[in-house]
J.: 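Shown below is the structure under consideration.
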Number of protein chains: 2
Amino acid sequence: MNFVCEVYIRPRADILDPQGDAVLSALGHLGFEGVNEVKVGKYLILKLTAPDSSAAEQAARTMCEKLLANPITEDYTLKVSTEA
Amino acid sequence: MNFVCEVYIRPRADILDPQGDAVLSALGHLGFEGVNEVKVGKYLILKLTAPDSSAAEQAARTMCEKLLANPITEDYTLKVSTEA
C-alpha cells in the first residue's frame, strides 16, 4: 500500500534558532506587531510503499533518526495517512 | 490572547524540488526502500498576540503572503491554536 508520511521537524525549545530570530526581526521591520516568537523547522512529505500503516510509520521514524532530523537539536513528529 | 500559529509550507506539486530529490537519493543510498517521492518544505511556529483566533489566522496569512511563503512556487496551510 502507498502511504503519505508528513514529518514535522522543529528546533528544540532550549536551542537557539537564528533563522527564527531573523524571521521575527523581518516581520517586525515589515510592520507586523504582536509576534512574540518564531521557530523555523522543516516539513517533509514522504510518499512510501509499506505493508501497513504502522510499518510506514516505523520506516519514517527510522529515516528521521538516521538522516532527516538531528536528534541533538531537533524534535520531530509524524503523521501517516493513506495516499489519496 | 496568545496564539500559536503553525505554518506548513510545501513546494507546489508541479514545481521541481531538488532538495527533496537529494533527500530521496540519500535515503536510497542508506538502504531505505519503498520511498517513492520526497518533498521538502518549511514548518514555522509563530507565537503571536491577537484579539481572537480569526485575527491571529488572518495576521499569519498576511505574513505568509508578504514574507514567509513564495506564492509562485509554494503552497501553505495554517493551524491556529491557543497557547498552552
Side-chain angles (χ1 to χ4, degrees), chain A residues 1-13 17 19-52 55-56 58-69 74-79 83-84, chain B residues 1-13 17 19-52 55-56 58-69 74-79 83-84:
Chain A
M1 284 180 69
N2 291 328
F3 295 93
V4 177
C5 185
E6 291 172 274
V7 183
Y8 310 98
I9 301 172
R10 63 161 81 192
R12 280 175 179 262
D17 176 26
Q19 197 181 356
D21 294 343
V23 172
L24 180 62
S25 166
L27 287 171
H29 287 301
L30 285 172
F32 289 104
E33 290 172 4
V35 187
N36 307 314
E37 186 187 275
V38 179
K39 295 277 185 184
V40 177
K42 281 175 285 181
Y43 171 43
L44 290 98
I45 304 110
L46 310 169
K47 293 190 177 175
L48 46 88
T49 305
D52 57 43
Q58 187 52 53
R61 203 168 286 283
T62 309
M63 291 174 209
C64 284
E65 279 156 25
K66 300 265 186 203
L67 179 72
L68 306 176
E74 294 172 325
D75 286 324
Y76 67 89
T77 51
L78 296 175
K79 194 176 84 181
E83 189 170 352
Chain B
M1 283 181 70
N2 291 328
F3 295 92
V4 177
C5 185
E6 291 172 273
V7 182
Y8 310 98
I9 300 171
R10 62 161 80 193
R12 280 175 179 263
D17 176 25
Q19 197 181 356
D21 294 343
V23 171
L24 180 62
S25 166
L27 287 170
H29 288 302
L30 286 172
F32 289 104
E33 290 172 3
V35 187
N36 308 315
E37 186 187 277
V38 179
K39 295 278 185 185
V40 178
K42 281 175 285 181
Y43 171 43
L44 290 98
I45 305 108
L46 310 169
K47 293 190 177 175
L48 47 88
T49 305
D52 56 45
Q58 187 53 53
R61 202 168 287 282
T62 309
M63 290 174 210
C64 283
E65 279 155 26
K66 299 264 186 202
L67 179 72
L68 306 176
E74 295 172 324
D75 286 323
Y76 67 89
T77 51
L78 295 175
K79 194 176 84 180
E83 189 170 352

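Because the structure is predicted, anything quoted here is derived from the model rather than measured. Chain letters run A, B, ... following the sequence lines, proteins first, then strands; residues in each count from 1.
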J.: Can you name the residues of residues 4-11 of chain B that have some heavy atom under 4.5 Å away from a heavy atom in chain A?
T.: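 Result: Glu6(B), Tyr8(B), Ile9(B), Arg10(B).
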J.: Look at Leu48(B), Ile45(B), Leu67(B) and state which one has the largest set of heavy-atom pairs under 4.5 Å with chain A.
T.: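 Max contact count across the listed options: Ile45(B).
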J.: Starting at OG1 of Thr77(A), measure out to OH of Tyr43(B) and round the result to the nearest 0.5 Å.
T.: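 If I round to the nearest 0.5 Å, the distance is 5.5 Å.
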J.: Could you tell me which portion of Leu27(A) (side chain, backbone, both or neither) has an atom closer than 4.5 angstrom to a non-hydrogen atom of chain B?
T.: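 For Leu27(A), the contact with chain B is made by backbone and side chain together.
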J.: With sequence neighbours left out, write down each residue that passes salt bridge (Lys or Arg N to Asp or Glu O under 4.0 Å) with Asp75(A), or none if nothing qualifies.
T.: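 Applying salt bridge (Lys or Arg N to Asp or Glu O under 4.0 Å) to Asp75(A) gives Arg12(A).
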J.: For chain B, find which of Asn2(A), Val35(A), Leu30(A), Val23(A) contributes the most heavy-atom pairs closer than 4.5 angstrom.
T.: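 Heavy-atom pair counts peak at Val35(A).
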J.: Please report the interatomic distance CG(Leu44(A)) to NZ(Lys39(B)), rounded to the nearest 0.5 Å.
T.: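 NZ of Lys39(B) is found 12.0 Å from CG of Leu44(A).
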